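Scroll down for the structure; my scribbles are underneath it.
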Amino acid sequence: MLPTHTNNRKKLNLTKQNKYILDVRNLKIHFKVDEGILKAVDGVTFRIPVGKTLGLVGESGCGKSVTAYSLLQLLPKKTGISGQSIFQPWTRDETVPEAVDLVSLPFNGKKIRNIRGGAISMIFQEPMTSFSPVHSIGNQIIEAIRLHRTRNYKHAHDIAAEMLSKVGIPDPVRMLNDYPGQLSGGMRQRAMIAMALCCNPSLLIADEPTTALDVTVQAQVLELMKSLQEELGTTMLFITHDLGVIAELADYVAVMYLGRIVEYGTVTDIIKTPRHPYTQALLKAIPRLGKTRGTRLESIEGTVPIPIDFPDMCPFFSRCSKAMKGTCNKQFPPSTEKDEHSVNCFLYCNEERKAQL
Amino acid sequence: MKKENELNDTLIEVKNLNKCFYSTKGIINKIHTEVRAVNNVNMSIKRGEVMGLVGESGCGKTTLGRCLIRALNPTSGDVLFKSKENGTVNLTKLSHKQLLSLRKEIQLIFQDPYSSLDPRMTVYDIISEPAKYAAGLKGEVLKRKVLDIAKKVSLDIRHLNRYPHAFSGGQRQRISIARALVTDPVFVVADEAVSALDVSVQAQILNLLQDLQSELNLTYLFITHDLSVIEHIADRITVMYLGQIIEMTATEELFQNPKHPYTEALLSAIPHADTEKNKKRIILEGDLPDPANLPSGCPFSPRCRYIKEICKTKRPELLETTPEHFVACHLSKRFKRRNLA
C-alpha cells in the first residue's frame with residue numbers, strides 16, 4: 001500500500017492557516033448573445049481560507065456554476081472574462097508554490113492543464129452524465145492520476161483502488177473494470193468524488209454534488225465529504241441551491257443573485273442573522289420541518305430578471321419588499337462589512353455614505 | 001374550511017394494487033425478468049385531503065400515481081373512485097371509452113414543466129385542449145373557462161397566445177396547473193409538481209396549490225421526494241419503499257413518532273437550515289436493492305439497523321398499530337424511536 005494521505009487536519013501548519021487559497025477579485029463573465037451582452041457574473045469578489053469550505057448559494061441562473069467553470073477555464077472560447085482569480089496552491093510541506101492568476105491563463109495552455117484535475121479538481125452536478133459511458137471507471141480515474149501524479153500504470157492503478165475504497169466502495173478493484181452504466185447514482189457520485197480527490201487537490205470545486213441524489217444517499221455523500229475533508233484537509237468551494245446542505249457543510253457562505261454576491265459571512269451569521277432582504281426572503285421561503293406547517297410560505301414575488309444588458313443597480317430591486325426608489329435603482333449598492341459579515345444593500349449604508357453617493 | 005362529513009368521505013380506495021413491468025434480455029436464451037413496481041398496495045384517500053406520497057427514486061411512487069388515474073394499466077387490483085356523475089366506479093375495469101368520460105374528474109400535474117408542455121402549441125391551446133376533449137366545452141364557454149382558470153393561477157391573459165418557451169419555469173408550472181384544473185377535476189395527482197423549481201418560485205407554487213385546493217375543494221395525491229415540502233402541504237403521508245407501503249399516517253404523527261426504521265432514517269437524513277440542530281444522523285448503508293431481485297422477507301431488511309431473524313424470511317403486513325397509524329414492520333410494537341432531537 002502507498003504512503004498517501006496520512007496527514008490529518010491537526011497537523012496542518014498553523015502559519016498557513018490565515019492564507020487564502022483562492023482570492024477572486026471583481027470577476028466578470030460576459031457572454032455575447034443576439035439580444036445584447038449577458039452578464040452572467042458581474043463583479044464577484046470572494047476569498048476562501050485554506051482548509052475551509054465556502055458555500056456558494058443562489059437560484060438557478062444566478063451565475064454560480066459559471067463562476068466555478070471560469071476557475072478551470074472551462075467556458076466557451078469567446079466568453080469575455082475579466083478580473084482576477086488568484087490561486088495559491090497549497091502543499092503539506094514548506095515549499096510555497098507560486099500563485100497564479102487563473103483568469104490570465106490561456107484555456108488550452110500547459111499551465112491550466114496542469115492545474116485542471118490536479119491542484120484544482122471538480123465534482124460535477126450530474127453523476128449520470130459526467131462520466132464517459134464508453135470508458136471504464138478505472139480508465140477514467142487512472143487517466144487523471146497518470147496525468148498529474150505518476151506515469152507508472154500499476155502505481156496509478158493502486159492509487160485509484162485505494163481512493164475508491166476510501167470513498168466507501170466495496171470491492172474497489174472490481175469496480176475499476178465496471179462501466180458507469182453499471183453503477184447506481186450514489187455509487188457513481190462516490191466514484192466521481194474519488195476521481196476528484198485522487199490527485200490531492202488543494203481546492204475542490206463541488207458543483208451541486210448531491211442535487212440529483214435521494215435524501216438518504218445525499219446524507220451518505222455529505223457525511224463522506226465531511227470526513228474526507230477532515231482527513232485530507234482539502235479546501236472546498238461548494239455550490240448548491242439548498243440552504244440545508246450549506247448549513248451542514250460550509251464554514252462561510254456567499255449568497256449570489258443575478259451575477260453578484262449580495263451577502264457574505266460565516267454560516268451561522270447567514271442562517272441566523274441574514275441581513276440582505278434576498279437572503280431573508282430565501283430563508284423564509286423554504287418549508288421547514290415543524291415550523292411552517294399550516295401557514296402560508298412567504299414567497300418572493302416575481303422571477304429573477306434576465307441579465308441581458310442589465311443596468312447598474314441593485315439586482316434584487318424589482319422583487320425587494322424594502323426597495324427604496326431613487327436609491328436602489330440608481331447603482332449597485334456598496335458593500336457594508338461588520339465582523340466578516342458583508343452585505344451589499346443600501347439599507348445598511350449609513351446616512352453620510354448615502355449622502356456621498 | 002373542511003366540513004366534518006367531507007373528511008370522512010372516502011374518494012378513492014385502492015385495493016391490492018399491483019403493477020409489474022416485464023423485460024426480456026437476450027435473443028436466443030431469453031431471460032424474462034419481472035419488476036414489481038407496485039406491490040400489493042392498499043390505501044384510501046378521503047375527499048378534500050392532501051395525501052402525501054414519499055419515497056426514494058425508483059420506489060414506485062410515480063407508477064402508483066399513474067396507476068391510480070389509469071395512465072398505466074395496473075396488473076391486478078382495484079381502484080374504486082367515487083365519481084360525481086357515475087357513482088362509484090372501478091377504474092381498473094373500465095374500457096377506454098368509459099374512462100374518457102371520467103378523465104375530466106381526475107387530472108395529473110407533471111413533474112418537469114420544461115418537457116411536459118408541447119412546444120408547438122400556444123398556451124391557450126395547451127390549456128383548452130383537455131377542456132375541449134375531456135369536458136366537451138365549446139365556443140364562448142370554452143374561452144371563458146380558459147381565461148377564468150388562467151386568471152386563477154395568476155397567468156397574464158395577454159400572454160396566452162405565446163408559446164411555452166417564452167415562459168420561466170414557475171410560469172410553465174402555472175400553465176401545467178391550469179391545464180389540469182380547467183376540467184374542474186375532483187382529484188389531482190401532483191407528481192413532483194415543485195421539484196424542478198427554485199426555492200423562491202417553489203414557495204409561490206406551493207401557496208397557489210394550497211389556495212386552489214381550498215377554493216375548488218380539491219383532493220390531491222402529492223408525490224414528492226422532498227420531506228419538508230410534504231410536511232408543509234400534506235394532511236396524511238404514505239411512505240413507500242420498493243413498491244410497498246411501509247408506513248401511512250397523519251403528518252404530525254409521522255414526523256413526531258415514526259415507527260418504521262426506514263422512515264426514521266429518512267427523517268434524520270434531511271439537511272436542516274437550522275445549524276443548532278446538530279443531531280445524530282442515521283446513515284443508511286448501501287442503496288436500494290434491485291427491484292427485479294427483491295430480498296426475501298422484509299424489503300428493507302438488508303439496510304435495517306434493527307434486523308431480527310424473522311425479517312429475513314417473512315414479509316411484514318401493513319397493520320394498524322395505533323389508530324390511523326399503519327406500519328409494515330415486524331418490530332413496530334417493540335420499536336422505539338431513537339431520540340433525534
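Residue numbers start from 1 in every chain, and the chains themselves are labelled A, B, ... in the order their sequence lines are given, proteins ahead of strands. For clarity, every value in this text was computed on a predicted model and none was experimentally measured.
B:Ser57 touches chain A through backbone and side chain together, each having a heavy atom under 4.5 Å away. Contact of B:Thr251 with chain A is made through the side chain alone, with heavy-atom distances under 4.5 Å. Heavy atoms closer than 4.5 Å to chain A are found in the side chain of B:Asp211, but not in its backbone. For B:Glu231, the parts lying near chain A are the backbone and the side chain together; criterion is any non-hydrogen pair under 4.5 Å. Residue contact with chain A, scored on non-hydrogen atoms closer than 4.5 Å, involves the side chain of B:Gln210 exclusively. Both the backbone and the side chain of B:Leu266 come within contact range of chain A, with heavy atoms under 4.5 Å apart. At a 4.5 Å heavy-atom cutoff, the contact between A:Glu223 and chain B is made by side-chain atoms alone.
The distance from the CG atom of A:Leu297 to the CD1 atom of B:Ile205 is 12.0 Å, given to the nearest 0.5 Å. For the atom pair A:Asp242 CG and B:Ile270 CD1, the distance stands at 11.0 Å (nearest 0.5 Å). A distance of 9.5 Å separates CG of B:Asp198 from CD1 of A:Ile300, quoted to the nearest 0.5 Å.
The minimum heavy-atom distance linking B:Ala203 with A:Ala285 is given by the pair CB-O, 3.6 Å. For the pair A:Leu282 and B:Val199, the tightest heavy-atom approach, listed with the atom from each and the gap, is CD1-CG2, 3.6 Å. Closest approach of A:Arg319 and B:Ser200 over heavy atoms only: NH2-OG, 3.2 Å.
Identified by a heavy-atom distance below 4.5 Å to chain B, contributing residues of residues 169-179 of chain A are lacking entirely.
B:Glu252 pairs by the side-chain contact (heavy atoms from CB on, under 4.5 Å) definition with A:Arg293, not counting sequence neighbours. In this structure, A:Glu35 has no salt bridge (Lys or Arg N to Asp or Glu O under 4.0 Å) partners at least two apart in sequence or on a different chain.
A donor-acceptor contact shorter than 3.5 Å is absent between the side chain of B:Glu56 and the backbone of A:Val215.
Within the structure, the side-chain hydrogen bond (donor to acceptor under 3.5 Å, both in side chains) test picks out the following pairs touching residues 236-249 of chain B (sequence neighbours left out): B:Glu49-B:Arg236, B:Tyr241-B:Arg303, B:Glu247-B:Thr263, B:Glu247-B:His325.
In A:Lys226, the NZ atom is crowded: over 12 heavy atoms of neighbouring residues, nucleotides or ligands sit closer than 6.0 Å. Within 6.0 Å of atom CD1 in A:Ile308, more than 12 heavy atoms from other residues, nucleotides or ligands are found, so the atom counts as buried in its surroundings.
A heavy-atom distance below 4.5 Å is not found between the side chains of B:Ser228 and A:Ile286.
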